[in-house]
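Naming convention: chains lettered A, B, ... in sequence-line order (proteins, then strands); numbering from 1 in each chain. Just the heavy atoms: all of them, side chains too, but no hydrogens, waters or symmetry mates, feed the values below.
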Amino acid sequence: MTAETTTETAAPAPTASPASAEAPPKKPAKARKTSFTQALNGALDLAMERYPEMFLIGEDIAEMGGDFGVTRKLLAKYGPERVRDTPLSEAAIVGTCVGAAMVGMRPVAEIMFADFLGECYDQIVNNAAKVHYMFDGQFTAPLVIRTACGGGFGGGPHHSQSVEGWFLNVPGIVIAAPSNPADAKGLLLASIASDDPVLFLEHKALYRARGEVPEGWHTVELGKAAVARAGADVTVVASMRMVPMALAAAAAADDDGISTEVIDLRTVKPYDAETVLASARKTGRVVVANEAPRTGGLGAELSARIHEECFAELAGPVVRVDGLDTPIPFSVPLEQEILPGEDDIAAAIRAAYRGGAR
Amino acid sequence: MTAETTTETAAPAPTASPASAEAPPKKPAKARKTSFTQALNGALDLAMERYPEMFLIGEDIAEMGGDFGVTRKLLAKYGPERVRDTPLSEAAIVGTCVGAAMVGMRPVAEIMFADFLGECYDQIVNNAAKVHYMFDGQFTAPLVIRTACGGGFGGGPHHSQSVEGWFLNVPGIVIAAPSNPADAKGLLLASIASDDPVLFLEHKALYRARGEVPEGWHTVELGKAAVARAGADVTVVASMRMVPMALAAAAAADDDGISTEVIDLRTVKPYDAETVLASARKTGRVVVANEAPRTGGLGAELSARIHEECFAELAGPVVRVDGLDTPIPFSVPLEQEILPGEDDIAAAIRAAYRGGAR
Amino acid sequence: MDTPTLRGLYRDMWLIRAFEQGLEREFEQGNVPGMLHTGLGQEAVQAALAAHLEADDAFFPDHRCHGINALAQQRHAGDGERIMAELFGKATGVCSGKGGSLHSADPAVGNFGDNAVEGSYMATVLGVALAAKMRGEPKVACAIIGDGTVGRGEFHESLNMAAIWDLPVLYACVNNGYAISMPVGEGHASANIVDMARGYGFGCEQLDGNDVVEAHERVGAAVAHIRAGNGPRFLELKTWRWQGVFAGEFRPEAEVKYWREEHDPILMAADELQARGVSGDELEGIEAEMRELIEGWIDFAKASPAPDPAKATADVYVGWEVARR
Amino acid sequence: MDTPTLRGLYRDMWLIRAFEQGLEREFEQGNVPGMLHTGLGQEAVQAALAAHLEADDAFFPDHRCHGINALAQQRHAGDGERIMAELFGKATGVCSGKGGSLHSADPAVGNFGDNAVEGSYMATVLGVALAAKMRGEPKVACAIIGDGTVGRGEFHESLNMAAIWDLPVLYACVNNGYAISMPVGEGHASANIVDMARGYGFGCEQLDGNDVVEAHERVGAAVAHIRAGNGPRFLELKTWRWQGVFAGEFRPEAEVKYWREEHDPILMAADELQARGVSGDELEGIEAEMRELIEGWIDFAKASPAPDPAKATADVYVGWEVARR
Ligand SMILES: Cc1ncc(C[n+]2csc(CCOP(=O)(O)OP(=O)(O)O)c2C)c(N)n1
Ligand SMILES: Cc1ncc(C[n+]2csc(CCOP(=O)(O)OP(=O)(O)O)c2C)c(N)n1
Ligand SMILES: [Mg+2]
Ligand SMILES: [Mg+2]
């Protein structure tokens with residue numbers, strides 16, 4: 001299976017963050033059109049070259065190149081020790097990563113679908129996220145868990161979920177969530193370089209998105225959002241597939257004379273409160289857009305925080321756009337009912353704009 | 001091991017909700033002082049009598065009566081078929097419940113510590129919470145997963161967590177979270193009677209709390225909050241151990257001339273927005289108190305919702321009181337650093353009160 | 001096995017093959033959403049299981065079980081077309097289109113639905129079996145699990161608990177040699193799954209899952225054993241799936257040739273039937289009849305309406321409504 | 001085994017027993033927070049393991065492993081008292097009091113810490129072993145797992161992956177007959193855990209974990225086998241724990257008597273040493289010396305300061321600070 005929807009609209013976010021200290025860019029980066037999948041593949045390739053302690057692990061990632069082709073051709077280049085196929089054992093895959101990371105390896109796991117993270121939830125939450133803290137800093141867990149998330153392709157209830165909400169209340173874990181090929185590369189390289197455990201979310205509807213991707217060792221600092229589009233009246237905070245949707249909705253809002261700023265979070269935990277709050281203060285009207293169910297989702301956290309810190313500057317309440325509070329049905333028209341779309345964001349932008357006149 | 005802290009301050013919340021339809025109270029309920037543990041034990045006993053399709057399942061629940069004594073003496077009365085010890089197999093325990101519930105049984109599992117829910121996360125999230133929906137209503141999952149949560153007794157990072165945040169973004173699951181013996185009984189009976197899957201959270205620090213508990217078939221409707229204390233100036237929304245703390249903080253605030261209303265959520269998912277919002281509209285100043293880490297916790301959802309719906313009526317932003325964004329350290333003074341206390345709630349009440357003058 | 005029984009199984013196998021081939025065609029034409037895993041090549045396993053599972057039993061199909069789902073639906077409820085409609089996401093599907101290929105269920109025919117987090121139902125099946133045992137019902141609860149799915153920890157938890165509680169569980173392990181691209185002997189300590197199952201102390205058997213006569217007989221014996229209250233059984237049915245991975249065929253040519261030409265369950269059964277004097281014409285007639293039946297099901301699925309949009313928010317909870325947009 | 005080695009093991013066992021008994025006393029007096037699980041009765045298993053594990057190896061202790069933790073700390077770093085201090089939640093503890101009884105670790109002595117979600121480290125150990133193998137280090141990665149812990153699905157995933165990757169893992173299964181209150185024969189398909197481990201095709205052995213001579217020899221052989229690059233080994237060490245459950249003793253009187261009086265690892269070793277001519281006085285001297293050592297550790301722990309409050313928010317992330325109140 002492959003992701004159905006391609007998203008050509010994903011404008012590459014300005015990546016202001018510097019390359020990581022140990023990795024100065026070799027030469028002025030030259031950009032070219034690359035798919036999200038290729039960007040990830042290229043990042044893995046570069047990192048495998050740089051870090052001898054890195055290895056890839058997961059189901060069908062070697063010869064087959066992964067269910068979405070992200071690890072394609074890496075077996076041929078790096079061999080079966082470092083590009084390691086596993087049985088269908090998600091707990092053991094992540095456990096292996098934690099153990100290896102504790103002794104200084106830099107494993108990158110692929111969990112085929114994010115929906116399967118329930119199988120290794122304990123390993124992520126009680127092990128990866130805690131070994132650094134509970135053992136008083138004596139261990140680190142520099143591992144990355146890449147996984148394909150999100151709906152919109154008729155995948156049904158166990159192949160379509162947005163899972164960041166499962167982990168938002170878990171201290172110690174980092175969640176990266178790129179919206180375009182350049183960030184996919186930059187965040188993946190930063191995640192691999194990071195000594196914190198990173199859950200790396202790849203929205204399936206973005207795999208075929210194309211954009212300009214800087215060549216060479218291009219990193220996007222974890223925990224830093226990007227202003228994907230500047231605007232003065234309304235702020236939309238989004239991530240992953242919601243970013244191209246927000247950009248389209250923002251373009252539509254131009255016609256109504258509403259100037260919309262779009263913040264691409266890029267890392268959803270820990271998120272970049274500074275950038276989000278600065279924009280909220282500037283516009284006084286905020287929309288937070290997420291694909292996951294509303295209740296207890298990322299939108300709740302962002303909304304709470306924005307109100308907490310910018311209450312006096314807000315012209316009206318933060319407006320949440322989310323999936324409905326349901327599992328994800330198989331049938332495509334039903335799925336469309338429950339997932340948020342461009343129109344929902346556009347409507348929210350208008351509502352936030354009007355909400356100014358409370 | 002046993003919970004260290006007893007909480008005698010937990011005033012029984014007025015339980016306004018009617019007994020469930022199929023279960024009229026036999027006679028005018030006579031109240032007596034009962035511990036939280038006894039209240040749960042009594043509820044299980046009553047329900048086992050009423051529902052032949054009910055059984056108990058978990059580690060060491062039979063002869064031993066569970067790690068906290070909640071299932072004590074039930075083996076003798078109902079036998080090993082219906083009070084079923086298991087091996088240390090959390091996924092199979094919950095899976096067994098789901099399967100049995102799908103064919104009309106009414107299983108009640110005990111997962112010894114809530115921290116171990118990671119082991120059966122998939123079973124809860126992808127199975128219990130979804131069978132009703134994804135199979136178009138053909139199955140229900142009338143199961144209850146009881147589990148001991150919360151910190152404050154030096155249990156360390158894997159025996160002290162507040163886990164409601166792990167499940168808030170999961171449609172289909174109900175989360176009950178009593179704060180006192182009467183509600184422990186009433187919510188547990190309602191949970192067992194419910195045809196939805198319920199995660200039933202028992203805060204370890206409350207097990208020894210005593211209070212008046214109505215005799216007989218006393219239920220507390222799921223999804224309905226209680227006004228644990230009426231007040232006019234500030235609303236505190238809390239659950240579990242935060243309720244007695246909030247009541248104590250409210251009493252302290254009286255001395256400053258601040259009249260505080262305390263809402264005991266009782267069910268944290270789906271939560272009683274109506275009661276919460278009504279109180280927020282009335283006072284215009286709200287504190288939400290939770291033991292779990294702040295980011296992505298229940299407080300975020302409540303805060304977002306209250307701002308969303310009561311923005312114009314609020315005198316200032318909703319104030320969150322939470323645990324710090326860390327795992328839970330073993331050492332007691334460190335644990336005290338990171339868990340929220342009565343003083344934190346009291347300070348938040350004053351802040352919310354002052355916040356009125358924005 | 002008498003000839004009428006074998007003829008019936010032959011028919012069932014053709015029903016499955018026609019179903020999967022029709023579905024494959026429709027999928028390629030873009031009429032079927034989502035993902036597609038077919039049971040082509042594994043018809044004997046499914047027909048043998050379907051032959052012994054009653055409507056009162058419970059089976060948890062895996063992701064290649066459209067065939068057994070359709071047979072159960074057709075035999076016990078007379079409306080196999082509703083399995084097809086489910087795969088098209090239509091209102092007439094067994095789950096009104098909410099489940100799809102990986103979550104088609106109908107408890108009235110014993111179909112408890114796949115769990116696309118493969119193998120989670122190794123735990124769920126315990127509960128169904130336990131309930132039957134507690135109620136004294138002579139029921140069989142069957143988990144159909146691929147060789148790859150055996151990698152999951154629930155394998156151990158499930159077999160162990162079925163053993164200590166002596167539950168009426170049939171583990172039908174469909175060993176088709178691969179988990180997506182992983183050969184069974186590379187993914188597991190042993191290429192013979194029974195080796196890992198034997199430690200739990202109940203009967204384990206390995207058999208040729210493409211020989212419908214053997215499969216029917218051994219499944220029958222296991223089901224009878226379980227139904228009589230004698231506890232769990234583990235069957236490893238060796239077979240092979242036509243479907244490679246989406247990159248195409250990756251398996252050795254000789255292997256492909258063996259399974260598709262020399263050891264195909266339908267061809268094997270046809271040989272046996274012909275040896276017993278059944279004519280080639282009659283066999284062709286069965287195939288044609290099944291293909292026609294399935295085309296009718298496909299037409300039904302296509303002509304069926306999309307689900308009522310209200311279904312999207314229905315049945316999240318029993319006790320609460322979920323807000324619509 | 002020569003007498004000096006046995007005398008050394010006897011000493012180690014007394015260190016453990018004195019440690020646990022001292023700790024138990026302090027716990028009862030309310031000086032030790034949280035929960036308490038002791039390794040009393042299991043000293044031979046722990047001494048035998050500790051004797052063969054080097055500082056460069058890695059072991060994942062279970063919840064009764066204060067003893068092996070202390071031995072490793074004392075032998076490889078000379079500061080066993082820091083294990084005691086950790087249990088008191090003090091700044092001088094190996095994890096500055098952040099881990100406590102269930103999460104005491106010090107990688108410098110090969111102690112990778114318990115995971116109080118018992119058995120999760122059956123998966124973690126794979127990664128440590130894999131890293132050693134990839135780097136060509138002659139390292140042993142050891143998971144110490146109780147009989148009850150074997151119920152976890154990770155048991156299957158771990159043994160399977162250790163087998164297919166031929167990893168340097170030592171599974172040391174401490175079968176003390178019970179998981180809290182559940183007898184091993186009721187919680188598992190077999191009371192002999194090796195029966196479930198054998199299916200993975202690597203060497204499995206069951207032995208008397210209270211006979212320190214046998215345990216030392218068999219652990220030594222397994223460790224040598226693994227260190228030489230020959231892949232995983234599974235040892236089931238039969239023993240018995242003094243601690244019942246908190247309701248008190250629930251096990252049959254004859255069983256208690258057998259294990260505490262007739263088959264106690266320290267008494268058995270004392271008998272053997274006396275048969276070899278070591279005097280009762282010398283043996284008593286060893287006991288007294290260890291008790292004194294441990295009282296010193298307890299004094300150290302008690303006198304140590306509480307952790308710096310800043311530790312509460314330190315080390316959540318490497319890359320970020322967490323807000324304090
Ligand atoms: C828990 C989980 N992990 C991974 C997958 C992805 N997946 C779907 S089918 C499959 C292979 C299963 O192999 P097997 O059980 O042998 O079935 P086969 O496809 O060969 O019939 C995998 C890995 C999944 N659905 N669930
Ligand atoms: C995943 C998980 N489930 C349950 C527990 C609670 N628990 C702690 S020790 C224990 C029994 C373990 O038995 P065993 O492995 O035999 O160790 P023993 O205490 O007998 O040494 C249980 C159930 C836990 N810590 N982790
Ligand atoms: Mg297979
Ligand atoms: Mg034990």
Colleague: Would a distance-only check, ignoring hydrogens and angles, find a side-chain to backbone donor-acceptor pair under 3.5 Å from C:H156 to D:V150?
Modeller: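 Here the side-chain-to-backbone pair exists.
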
Colleague: Would you give the length of the straight line joining atom CG of C:N160 to atom OG of D:S190, rounded to the nearest 0.5 angstrom?
Modeller: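 Here the interatomic distance stands at 9.5 Å.
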
Colleague: For C:D195, give me all partners under salt bridge (Lys or Arg N to Asp or Glu O under 4.0 Å), at least two apart in sequence or on another chain.
Modeller: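 Partners of C:D195 under the salt bridge (Lys or Arg N to Asp or Glu O under 4.0 Å) test: C:R198.
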
Colleague: Would you say CG of C:D56 has more than 12 non-hydrogen atoms from neighbouring residues, nucleotides or ligands within 6.0 angstrom?
Modeller: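 Not more than 12 within 6.0 Å, no.
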
Colleague: Who among C:E157, C:E154, C:M161 has the most heavy-atom pairs with chain D under 4.5 Å?
Modeller: C:E157

Colleague: Please report the shortest heavy-atom distance between C:A189 and D:G199, naming the atom on each side.
Modeller: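 Looking at all heavy atoms of both residues, the shortest contact is CB-O, 4.4 Å.
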
Colleague: Among C:A123, C:G201, C:G151, which has the most heavy-atom pairs under 4.5 Å with chain D?
Modeller: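 Maximum pair count with chain D is reached by C:G151.
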
